[in-house]
Amino acid sequence: MAPPDDDVLWARDVHYSHGGSPALLGVSLGIQESEIVAVTGPRGCGKTTLLECLSGLLVPSGGEVWFSGMPVHTLTATSRERLRRDKFGWVGDRPHLVPELTAWENAALPLLLTGTGHRAAKRAALDWLERLDVRDCARKRPAALLQAQRQRIAIARALVHKPAVVFADEPTAPLHRADRAQALRTLTSAGRSHGITVVLATHDPEVATLADRTLTLLDGREADSTADPACSLSA
Ligand SMILES: Nc1ncnc2c1ncn2[C@@H]1O[C@H](COP(=O)(O)OP(=O)(O)OP(=O)(O)O)[C@@H](O)[C@H]1O
């Protein structure tokens, strides 16, 4: 079956097992361009595994994953790596920055790796650091920064190349409560203003309220799906 034209991400009957232990037991979904979708559910229900399958980090053991008409589940490892680098951004629950690079160099990496000139890459990185309120950290290396500052830099890195999709797996986990709203707003409003689709795994119901739609997983299966058309976000 081919995915609908207007779905940027589409998955059908996705199964995945970690070394024989089942994590996804047939998840199907369609996500449209610019949509912000929260994937929620209790610990261990398969949120991270689903994001990893959708982003091509893992290849499902069964089912299909399509991105913009491209069958991700059939791509070679090299093509999936290129797809992730060029079209996707990833924010994890811990900021994995390159320790030898400064904050702005870390944020600019996706641009530098795809051949954008040094000056333009720096300008774009500084722009995102500014929006995330860590512009004054630009010249510091990760070891000199707080975990919350590092996470903001990781968010800037996920957005800097204006990817088609940002996958965010518990992105506010390392942030203090007061910092969470701003980081999330930046992520979601960047999604809306740049037409970036955001897939957000969280078990925080407050975070999920920022999404257009929630997909709830339970034991590797979809438990419920709700739409919230009244939800709106502004920068
Ligand atoms: N690398 C792994 N090796 C073995 N089992 C794994 C591995 N990663 C995940 N699992 C198992 O797969 C299931 C789904 O895990 P997953 O991390 O996708 O869930 P999650 O909803 O993201 O959990 P959490 O909210 O704790 O991050 C769980 O039972 C987990 O223990």
Side-chain angles (χ1 to χ4, degrees), residues 8-31 35-67 72-73 75 77 80-81 83-84 88-97 147-148 150-155 157-158 163 165-177 179-181 183-184 187-188 191 196-228:
V8 66
L9 274 175
W10 187 83
R12 189 180 66 85
D13 201 24
V14 171
H15 285 70
Y16 190 86
S17 294
H18 292 282
S21 152
L24 296 177
L25 293 161
V27 177
S28 300
L29 55 82
I31 299 177
E35 233 190 332
I36 296 172
V37 176
V39 179
T40 63
R43 286 200 177 279
C45 67
K47 302 182 293 293
T48 298
T49 308
L50 179 61
L51 263 59
E52 289 175 343
C53 285
L54 294 175
S55 65
L57 202 59
L58 296 177
V59 179
S61 46
E64 302 173 21
V65 173
W66 293 70
F67 163 71
V72 179
H73 58 290
L75 297 179
R80 283 185 286 114
E81 207 172 288
L83 176 69
R84 288 203 307 277
F88 298 159
W90 181 277
V91 186
D93 61 355
R94 268 169 293 173
H96 293 290
L97 302 178
Q147 182 80 338
R150 288 187 212 131
Q151 184 69 346
R152 286 162 186 245
I153 289 151
I155 295 173
R157 181 181 58 191
V165 184
V166 170
F167 297 93
D169 187 10
E170 301 286 359
T172 57
L175 301 178
H176 298 301
R177 197 170 177 77
D179 293 334
R180 286 184 192 166
L184 273 175
L187 193 59
T188 51
I196 299 171
T197 301
V198 179
V199 186
L200 186 63
T202 182
H203 46 240
D204 182 344
E206 239 179 88
V207 172
T209 60
L210 290 174
D212 299 322
R213 192 152 61 90
T214 298
L215 172 86
T216 305
L217 295 182
L218 197 58
D219 296 334
R221 291 190 173 88
E222 189 179 356
D224 188 18
S225 187
T226 56
D228 183 9

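Atoms within each ligand, like the ligands themselves, are counted from 1 in listed order. Quantities reported herein were computed from a predicted structural model and do not represent experimental measurements.
Under 4.0 Å from ligand 1, heavy atoms of Cys45 appear from its side chain as well as its backbone. By the criterion of a heavy-atom distance under 4.0 Å, the backbone of Pro42, and not its side chain, is placed next to ligand 1.
Scanning the protein heavy atoms around atom 29 (O) of ligand 1, the nearest turns out to be Gly44 O, 3.8 Å. Given atom 16 (P) of ligand 1, the protein heavy atom at minimum distance is Thr49 OG1, 3.7 Å.
The side-chain contact (heavy atoms from CB on, under 4.5 Å) test with Asp169 singles out one residue from Val91, Asp93, Leu51, Val199, and that residue is Leu51.
Checked by atom type and distance alone, the side chain of Ser61 pairs as donor or acceptor with a backbone atom of His15 at under 3.5 Å. Using modelled atom types, one side-chain atom of Gln151 and one backbone atom of Pro171 make a donor-acceptor pair closer than 3.5 Å.
At under 3.5 Å, not a single nitrogen or oxygen of Pro22, backbone or side chain, sits near a nitrogen or oxygen of ligand 1. The shortest N or O to N or O distance between Lys47 and ligand 1 is below 3.5 Å.
Nearest-residue assignment for atom 17 (O) of ligand 1 (options Val39, Leu50, Thr40, Thr48; heavy-atom criterion): Thr48. Relative to atom 8 (N) of ligand 1, the option among His18, Glu52, Glu170, Arg43 with the closest non-hydrogen atom is His18.
Contact between Gly46 and ligand 1 is present, with at least one heavy atom of the residue lying under 4.0 Å from the ligand.
Checking Thr40 against Thr202 by side-chain atom types alone, no donor-acceptor pair falls below 3.5 Å.
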